[in-house]
Amino acid sequence: MSHSILLTGASGYLGGSLLAQLSHAKLPPYNHLYALARSESQAASIRQYNAEPLILDLSNQEEVIKTIIDAKITIIYFLVDAMKSELQIPLIKALGEVRKQIGGDQDVHFLHTTGAKIFSEHAGMPIDRRILDTDSNLYELQKSAKAPHSIMAQAINTNNTIIETAQSHGVRSYLFIPCIVYGEGSGFGNRISIQTTAVIKAAKKLRAVYNVNPEGALYIYAVYVDLLRSILSGENPESGRNGYYLASSGSVAWSDIYTAIARALAKRGVVDNEVVKEADDVILAEMGEALGCPKEFVAVQLGGTCTLRPDRASRIGWKPQYSPEHILDAADAEVELVLKHLKA
Ligand SMILES: NC(=O)c1ccc[n+]([C@@H]2O[C@H](COP(=O)([O-])OP(=O)(O)OC[C@H]3O[C@@H](n4cnc5c(N)ncnc54)[C@H](OP(=O)(O)O)[C@@H]3O)[C@@H](O)[C@H]2O)c1
């Protein structure tokens with residue numbers, strides 16, 4: 001039986017861009033491409049991409065399980081919530097049911113989106129050494145990590161729960177780990193990303209860019225389409241406890257990103273000058289106010305060190321398109337884009 005795919009988060013930054021890419025990606029044949037809609041207007045936008053909208057309330061377990069089974073969905077992309085696991089569990093259970101009903105050797109697949117932050121010191125992960133995403137201890141490292149923030153403890157627990165729930169329901173799971181993603185999204189909904197927006201939003205309020213990290217690195221990019229191609233081609237890409245896929249082209253220091261953003265903001269008169277200052281406790285509280293989070297969480301939103309390195313994605317044919325420094329060249333355009341959306 002041919003696969004049917006459900007994309008969630010289609011009106012979001014990542015999911016919307018992915019839907020746009022899938023609509024013209026050259027993929028092995030599949031049955032249906034569904035995209036989750038939460039309103040009629042989202043459904044209408046989804047149809048423009050030759051995908052079928054599926055109007056569904058993910059918090060209604062019974063409805064979720066019935067809909068996935070009725071539509072015989074065998075692959076789900078989850079791009080809604082990296083922090084909590086409530087919405088993912090019924091989707092995984094439903095995939096397990098589809099597998100039982102189809103029988104034979106057809107596998108079912110859950111592609112979860114997590115984030116590099118959930119592999120950083122903010123999640124209690126070690127940063128004193130390089131760790132490959134193919135490291136056979138990665139699951140154990142995540143399991144034993146002691147996150148200093150409860151919300152990050154919840155996020156790391158989400159990663160583990162996805163793997164464990166999928167395993168117990170006979171579902172192959174994959175954890176995508178996008179790093180900082182930037183540039184204008186190509187979907188029909190949200191067009192701006194999270195982290196660059198947080199830096200710019202805080203700087204706009206405080207009229208200065210502040211460094212919130214002692215030092216740091218970040219990683220960029222996406223592997224989604226190559227993994228789908230590999231699944232549809234029956235290549236059995238690694239999954240479960242060996243299913244971590246870091247999408248990264250390399251590392252760039254946060255301080256370099258702040259400098260590039262500060263320069264672009266100063267040029268537009270949004271901050272007083274292009275100097276990146278060190279944030280103290282009072283500033284962190286003000287930044288927290290601008291971002292709507294406690295001061296302890298500002299550094300989580302705007303920084304972090306992740307020493308994870310990509311290895312697995314190259315096994316499914318993925319190669320980064322840009323150098324890590326591309327984000328510095330793109331900073332001016334990113335600032336222009338985010339400011340335009342923040343005004344709206
Ligand atoms: N952007 C990045 O740089 C990045 C990097 C790493 C990880 N991530 C993670 O990836 C996920 C998606 O990121 P994003 O930047 O695409 O976020 P986004 O633009 O805010 O999109 C979120 C999507 O989730 C949908 N959604 C929210 N609550 C939902 C619910 N209860 N039921 C169904 N759908 C719901 C939204 O639908 P509506 O439009 O209807 O609200 C929207 O389509 C997030 O968990 C984020 O933390 C993002």
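Each ligand, and each atom within it, is numbered from 1 in the order the structure gives.
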Does [X] approach ligand 1 within less than 4.0 angstrom via side chain, backbone, both or neither, non-hydrogen atoms only?
| X | answer |
| --- | --- |
| Leu36 | side chain |
| Thr113 | side chain |
| Thr114 | backbone |

Test salt bridge (charged side-chain N to carboxylate O under 4.0 Å, His left out) applied to Lys205 - qualifying residues, sequence neighbours left out: Glu289
Under the salt bridge (charged side-chain N to carboxylate O under 4.0 Å, His left out) test, which residues partner Arg268, sequence neighbours left out? Asp332, Glu336
Report the C-alpha separation of Glu97 and Lys100 in whole Å, then their side-chain angles, then the decisive distance to 0.1 Å, and conclude whether the salt bridge (Lys or Arg N to Asp or Glu O under 4.0 Å) test is met. CA-CA 5 Å; Glu97 274 310 307; Lys100 274 194 217 150; 3.1 Å; yes
Number the atoms of ligand 1 from 1 as they appear, then name those within less than 4.0 Å of a heavy atom of [X], with their elements.
| X | result |
| --- | --- |
| Gly9 | 23 (C), 24 (O), 43 (O) |
| Asp81 | 45 (O) |
| Gly12 | 16 (O), 18 (P), 19 (O), 21 (O), 42 (C), 43 (O) |
| Leu58 | 32 (N), 33 (C) |

Salt-bridge contact Arg309-Asp133 (side-chain N to carboxylate O under 4.0 Å):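 Salt bridge flag = no for Asp133 with Arg309.
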Under a 4.0 Å threshold between the charged nitrogen and the carboxylate oxygen, would Glu235 count as salt-bridged to Arg315?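 Looking at Arg315 and Glu235, the cut-off is not met.
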[atom]: the protein heavy-atom neighbour that sits closest, reported with distance to 0.1 Å:
| atom | result |
| --- | --- |
| atom 32 (N) of ligand 1 | Arg38 NH1, 3.5 Å |
| atom 17 (O) of ligand 1 | Tyr13 N, 4.4 Å |
| atom 45 (O) of ligand 1 | Ala82 N, 2.8 Å |
| atom 5 (C) of ligand 1 | Cys179 O, 3.7 Å |
| atom 3 (O) of ligand 1 | Ser193 OG, 2.9 Å |

Checking Asn50 against Ser23 for the side-chain hydrogen bond (donor to acceptor under 3.5 Å, both in side chains) test, could you report, in this order, the C-alpha distance in whole Å, the side-chain angles of both residues, the deciding distance, and whether it holds? CA-CA 7 Å; Asn50 294 325; Ser23 66; over 6 Å; no
Which option wins on minimum heavy-atom distance to [atom]: [options]?
| atom | options | result |
| --- | --- | --- |
| atom 39 (O) of ligand 1 | Ser11, Gly15, Ala116 | Ser11 |
| atom 22 (C) of ligand 1 | Leu14, Leu19, Asn190, Leu79 | Leu79 |
| atom 26 (N) of ligand 1 | Thr158, Ile192, Val80 | Val80 |

Look at the side chain of Arg312 and the backbone N and O of Leu246, then say whether any donor-acceptor pair between them is shorter than 3.5 Å.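 Answer holds: no.
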Any nitrogen or oxygen of Gln42 lying under 3.5 Å from a nitrogen or oxygen in ligand 1? Just yes or no. yes
Consider every N or O of Gly115 and every N or O of ligand 1, then say whether any pair is closer than 3.5 Å. no
Are Tyr49 and His24 close enough that their ring centres sit under 6.0 Å apart? no
Does His109 have its ring centroid less than 6.0 Å away from the ring centroid of Tyr174? yes
Looking at ligand 1, does [X] have a heavy atom less than 4.0 Å from it?
| X | value |
| --- | --- |
| Pro178 | yes |
| Ile177 | no |
| Ile194 | yes |
| Lys117 | no |

[atom1]/[X]: more than 12 non-hydrogen atoms of other groups inside 6.0 Å:
| X | atom1 | answer |
| --- | --- | --- |
| Glu40 | CD | no |
| Asp272 | CG | yes |
| Arg172 | CZ | yes |

Euclidean distance, Glu52 CD relative to Tyr34 OH, rounded to 0.5 Å: 5.0 Å
